[in-house]
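Below: one structure, written as structure tokens.
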Protein chains: 2
Amino acid sequence: MESALVDVFDMNCPSRAVMEHLSSRWGVLIQVMLLREGTLRFSELRRAIGGVSEKMLAQTLQALERDGIVRRVVHPVIPPHVDYSLTDLGEAAAKAVNTLFDLIGDRWAEFEKAQVEYDQRKAAQPL
Amino acid sequence: MESALVDVFDMNCPSRAVMEHLSSRWGVLIQVMLLREGTLRFSELRRAIGGVSEKMLAQTLQALERDGIVRRVVHPVIPPHVDYSLTDLGEAAAKAVNTLFDLIGDRWAEFEKAQVEYDQRKAAQPL
DNA sequence: CAGGATCCCCAATGATACTG
DNA sequence: CAGTATCATTGGGGATCCTG
């Protein structure tokens with residue numbers, strides 16, 4: 001069971017911020033991509049993750065690095081070369097996130113069915 | 001392996017939206033709370049989840065209901081009584097999300113350590 | 001009690017340009 | 001290449017009031 005001192009349901013517990021980094025829009029994609037590929041450069045991540053801006057990628061990577069999820073390795077060469085990979089802690093987090101991805105992929109038909117039925121129910125009751 | 005037709009790394013794939021609902025700020029808290037408690041009323045959820053507004057709770061619950069994650073049962077009484085619980089699909093999702101919560105709780109010391117070290121590294125290099 | 005409707009605003013996000 | 005700095009935008013999100 002979880003420590004009583006770390007309560008993510010408490011608005012002011014710092015764990016809430018970490019949870020938000022882990023589950024953030026770009027954070028989840030970065031984690032899963034790094035879990036699959038092992039190590040990627042900044043520009044590789046940018047290309048792999050559709051729609052992410054440089055700013056958001058850099059910002060999200062920094063948050064994840066600070067939380068100990070992502071490892072950042074700078075190779076002192078010109079032009080610059082920076083590698084990103086998951087820490088041990090990050091791998092554990094990424095695996096959980098990846099479970100969500102698999103769930104969506106594996107049971108996609110159920111998601112679509114639920115959405116269609118919901119929309120039909122809504123459309124059927126004007127007021 | 002996952003269907004090639006469901007690619008969350010593709011900006012325009014509808015699965016991206018579902019992933020964002022599942023991992024949204026309030027979505028993760030709702031899922032875990034319902035996983036723990038089974039069934040809760042609107043006001044119970046509101047009280048259980050620190051800092052959520054009525055608007056965001058209603059809005060997030062609707063998104064999760066549409067995706068087939070949350071089951072909404074209305075009891076036709078006065079005053080109104082509405083129960084929320086997880087569907088089978090929702091339970092699978094919630095378990096994955098709960099893994100993240102446990103990770104944060106169990107390894108919180110590592111998160112804090114990483115943050116402190118990151119901040120020290122930053123402070124050590126003025127420019 | 002469960003939410004719908006409104007108003008409002010700040011912060012997250014993105015586009016662009018620039019630098020080591 | 002790997003970012004940082006700046007600026008513009010908007011819509012997420014909250015507060016409030018109202019209703020079945």
Side-chain angles (χ1 to χ4, degrees), chain A residues 11-12 16-30 33-34 37 39-66 70-85 118 121-123 125-127, chain B residues 11-12 16-17 19-30 33-34 37 39-66 70-85 118 121-122 125-127:
Chain A
M11 219 185 140
N12 299 108
R16 170 88 57 107
V18 171
M19 186 65 208
E20 288 175 11
H21 298 158
L22 292 181
S23 68
S24 71
R25 167 142 57 148
W26 306 117
V28 293
L29 296 172
I30 290 171
M33 187 54 78
L34 288 179
E37 303 299 324
T39 297
L40 288 173
R41 304 177 59 168
F42 186 87
S43 55
E44 291 174 329
L45 274 168
R46 176 144 165 59
R47 260 176 281 115
I49 299 175
V52 69
S53 67
E54 290 186 2
K55 181 183 174 182
M56 288 315 299
L57 182 56
Q59 190 172 305
T60 307
L61 281 169
Q62 283 167 16
L64 293 178
E65 186 194 357
R66 189 173 111 93
V70 160
R71 180 185 301 113
R72 180 172 179 272
V73 177
V74 181
H75 296 90
V77 297
I78 293 178
H81 184 140
V82 180
D83 281 332
Y84 291 95
S85 58
Y118 181 91
R121 255 179 285 142
K122 286 293 174 183
Q125 42 163 265
L127 73 132
Chain B
M11 219 187 141
N12 299 109
R16 170 91 54 111
M19 186 64 209
E20 288 176 11
H21 298 158
L22 292 181
S23 67
S24 71
R25 167 142 65 150
W26 305 117
V28 293
L29 296 173
I30 290 171
M33 187 54 76
L34 288 180
E37 303 299 326
T39 298
L40 288 173
R41 302 179 61 171
F42 187 87
S43 55
E44 291 174 330
L45 275 168
R46 178 142 166 58
R47 259 175 282 116
I49 298 176
V52 68
S53 66
E54 291 187 359
K55 179 185 173 181
M56 289 314 299
L57 181 56
Q59 190 172 302
T60 307
L61 282 169
Q62 284 167 15
L64 293 178
E65 186 194 357
R66 189 175 110 92
V70 160
R71 181 184 301 113
R72 180 173 179 272
V73 177
V74 181
H75 297 90
V77 295
I78 294 176
H81 184 139
V82 179
D83 281 331
Y84 291 94
S85 57
Y118 180 92
R121 255 179 284 143
K122 287 292 174 182
Q125 41 164 261
L127 73 134

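- Put simply, CD on E20(B) is 14 Å from P on dG11(D), counting in whole angstrom units.
- Contact detail for E54(B) and F42(B): the closest heavy-atom pair is O-CZ, 3.8 Å.
- Only one option out of V73(B), L40(B), L45(B), L57(B) pairs with Y84(B) in a side-chain contact (heavy atoms from CB on, under 4.5 Å); it is L45(B).
- At dC1(C), none of the side-chain N or O atoms of R41(B) fall inside 4.0 Å of OP1 or OP2 (strictly under the cut-off).
- Nearest heavy atoms, R121(A) versus E65(B): NH1-OE2, 3.5 Å.
- The distance from atom CD1 of I30(B) to atom P of dA2(C) is 14 Å, rounded to the nearest whole Å.
- Comparing the start and finish of the helix from dC1(C)-dG20(D) to dG20(C)-dC1(D), five pairs each, the helix axis swings through 60°, to the nearest 10 degrees.
- Under the 30°/60° scheme for interplanar angles, the aromatic rings of H81(B) and H75(B) are found to stand perpendicular.
- Atoms CE and OG, from M56(A) and S24(A) in turn, are 7.5 Å apart once rounded to the nearest 0.5 Å.
- Rounded to whole angstrom, the span from the CG atom of L61(B) across to the P atom of dG3(C) amounts to 8 Å.
- Rounding to the nearest 0.5 Å places OG1 of T60(B) at 10.5 Å from NZ of K55(B).
- We find that CG of L45(B) is positioned 13 Å from C1' of dC1(C), with the value rounded to whole Å.
- Distance CE (M11(A)) to P (dG13(D)): 13 Å, rounded to an integer number of Å.
- Whole-Å rounding puts the L57(A) CG to dT4(D) C1' distance at 14 Å.
- Between the CZ atom of R72(A) and the C1' atom of dC1(D) there is a distance of 12 Å, rounded to whole Å.
- A donor-acceptor distance shorter than 3.5 angstrom exists from the side chain of S23(B) to the backbone of S23(A), with no hydrogens or angles considered.
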Heavy-atom protein contacts under 4.0 Å, nucleotides 5-20 of chain C, coded B base, S sugar-phosphate only, - none | --------BBB-B--B
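- Atom NE2 of H81(A) is separated from atom C1' of dA2(D) by 11 Å (rounded to the nearest Å).
- The shortest distance between the side-chain N/O atoms of Y84(A) and the OP1/OP2 oxygens of dC1(D) is not below 4.0 Å.
- The residue Q62(B) sits close only to the backbone: its heavy atoms come under 4.0 Å of sugar-phosphate atoms, none of a base.
- From R47(B), atom CZ reaches atom CZ of R41(B) across 9.0 Å, with rounding to the nearest 0.5 Å.
- Between G50(A) and R16(B) the shortest heavy-atom distance is O-NH2, 3.0 Å.
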